[in-house]
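Worth saying up front: this structure is predicted, and the values here are computed from it rather than measured. Along the sequence shown, residues are numbered consecutively beginning with 1.
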Amino acid sequence: MNGLSSKNKQASSTRDIVYATLKQLILSLKLPPGTAISEKEISLEFQVSRTPVRESFVRLAQEGLLEVYPQRGTYVSLIQVDLVEEARFMREQLERAVIRLACEHFPDQEMILLEQNLAQQQACLLQPDDERMFQLDEEFHSTLFAGCNKSKTWTVIQQMNVHLNRSRMLRLSSDHQWNHLIEQHRSMVEAIQQHDAQTAERIMQEHLHLTVTDLAILQDTYPSYFQQ
């Protein structure tokens, strides 16, 4: 029985690694929207059997990152504008509420994390790194939720974010002028420190509305990445 249990754990671990790696490649646009992807090629590249690859494909398809067409093949899904907008709408409502809570009370430890995060964002301006900047942006917002004891709410948001996150990654990679983004983050921190909920909520709303403006530009620049 121990041998069987060990094999199950190993299979599960392999599947999870394949899934996580493929998901990161898709979200980082290293596997761009519309790219054909096959079980055989991935199993050879990862040097694993086709079973964990097949299981990973099913999971990614359920999350909306892969499209499976019988007799035609599997493709990285195109970015759906309506789902980008819906995810942005949800984030705006929840993040405006969370930053108001943060202005009432925000733990010192999380405030230190926000300030450290801002310093690292500033460093990204000197040596632009799209994936690192995206990660720091995510960490900044997740820290706001954690500081308000709303980490599970952030987890729920992530479940709807796959199309929004790819458009955000595309925006960061296509234009390294991130100063405005960082200044908005810095202004949020200052508003929290000053317990200025009205200003904090306004900045958060403006911050998340950048997605709407950016999306129209990205659709014109990368039309093949978006579902028409």
Side-chain angles (χ1 to χ4, degrees), residues 23-24 27-28 83-218:
K23 184 171 184 176
Q24 182 56 32
L27 291 177
S28 66
L83 295 181
V84 172
E85 168 53 27
E86 188 170 353
R88 184 210 60 78
F89 173 80
M90 181 178 71
R91 278 194 65 165
E92 181 183 329
Q93 307 313 309
L94 293 173
E95 295 216 38
R96 286 169 63 185
V98 159
I99 204 165
R100 290 191 73 89
L101 287 176
C103 288
E104 294 175 11
H105 172 73
F106 200 73
D108 291 341
Q109 183 58 42
E110 273 75 19
M111 180 56 71
I112 291 170
L113 291 176
L114 287 182
E115 291 173 338
Q116 291 174 342
N117 181 282
L118 284 174
Q120 292 174 71
Q121 288 185 42
Q122 195 67 38
C124 265
L125 289 177
L126 301 177
Q127 291 186 314
D129 182 333
D130 310 335
E131 288 188 57
R132 179 62 177 151
M133 187 62 191
F134 179 86
Q135 179 186 8
L136 289 170
D137 191 354
E138 288 285 277
E139 289 175 1
F140 180 91
H141 289 269
S142 67
T143 300
L144 289 176
F145 280 78
C148 296
N149 197 28
K150 295 291 184 289
S151 291
K152 289 185 178 178
T153 305
W154 176 256
T155 300
V156 171
I157 288 175
Q158 293 303 95
Q159 293 171 5
M160 278 190 64
N161 258 357
V162 292
H163 290 274
L164 174 61
N165 283 349
R166 284 193 293 167
S167 70
R168 288 172 54 216
M169 188 68 208
L170 191 56
R171 166 67 175 81
L172 289 173
S173 63
S174 61
D175 183 357
H176 289 164
Q177 299 302 311
W178 301 331
N179 304 68
H180 184 54
L181 176 72
I182 297 171
E183 282 306 313
Q184 285 184 325
H185 285 156
R186 183 172 287 109
S187 296
M188 288 180 207
V189 170
E190 291 171 356
I192 292 169
Q193 291 169 333
Q194 295 165 10
H195 305 287
D196 186 350
Q198 186 174 354
T199 297
E201 184 179 0
R202 175 181 56 78
I203 296 168
M204 180 65 79
Q205 184 175 20
E206 292 172 357
H207 180 67
L208 293 172
H209 260 269
L210 287 176
T211 303
V212 178
T213 305
D214 292 342
L215 191 57
I217 297 171
L218 292 173

Worksheet entry | Test side-chain hydrogen bond (donor to acceptor under 3.5 Å, both in side chains) applied to E139 and Q135, step by step | CA-CA 6 Å; E139 289 175 1; Q135 179 186 8; 3.1 Å; yes

Is [X] atom [atom1] crowded by more than 12 heavy atoms from other residues, nucleotides or ligands, each under 6.0 Å away?
X: N149; atom1: CG; value: no
X: D108; atom1: CG; value: no
X: E86; atom1: CD; value: no

Worksheet item: Using 4.0 Å as the upper bound for N to carboxylate O, is an ion pair formed by E92 and R96?
Response: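 Counted as a salt bridge, because a side-chain N and a carboxylate O are separated by less than 4.0 Å.
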
Worksheet item: Would you call R202-E206 a salt bridge at under 4.0 Å N-O?
Response: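 Here R202 pairs with E206 in a salt bridge, since their nearest N and O are under 4.0 Å apart.
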
Worksheet item: Closest approach of M111 and V189, non-hydrogen atoms and distance?
Response: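 M111 and V189 have their closest heavy atoms at SD-CG1, 3.7 Å.
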
Any chance you could measure [X], atom [atom1], to [Y], atom [atom2], to the nearest 0.5 Å?
X: M188; Y: H207; atom1: CE; atom2: NE2; value: 4.0 Å
X: N117; Y: I182; atom1: CG; atom2: CD1; value: 9.5 Å
X: L164; Y: M90; atom1: CG; atom2: CE; value: 9.0 Å

Worksheet item: Passes side-chain hydrogen bond (donor to acceptor under 3.5 Å, both in side chains), Q122 versus R186? Steps please.
Response: CA-CA 10 Å; Q122 195 67 38; R186 183 172 287 109; 3.2 Å; yes

Worksheet entry | N/O donor-acceptor pair under 3.5 Å between W178 side chain and L125 backbone |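 No.
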
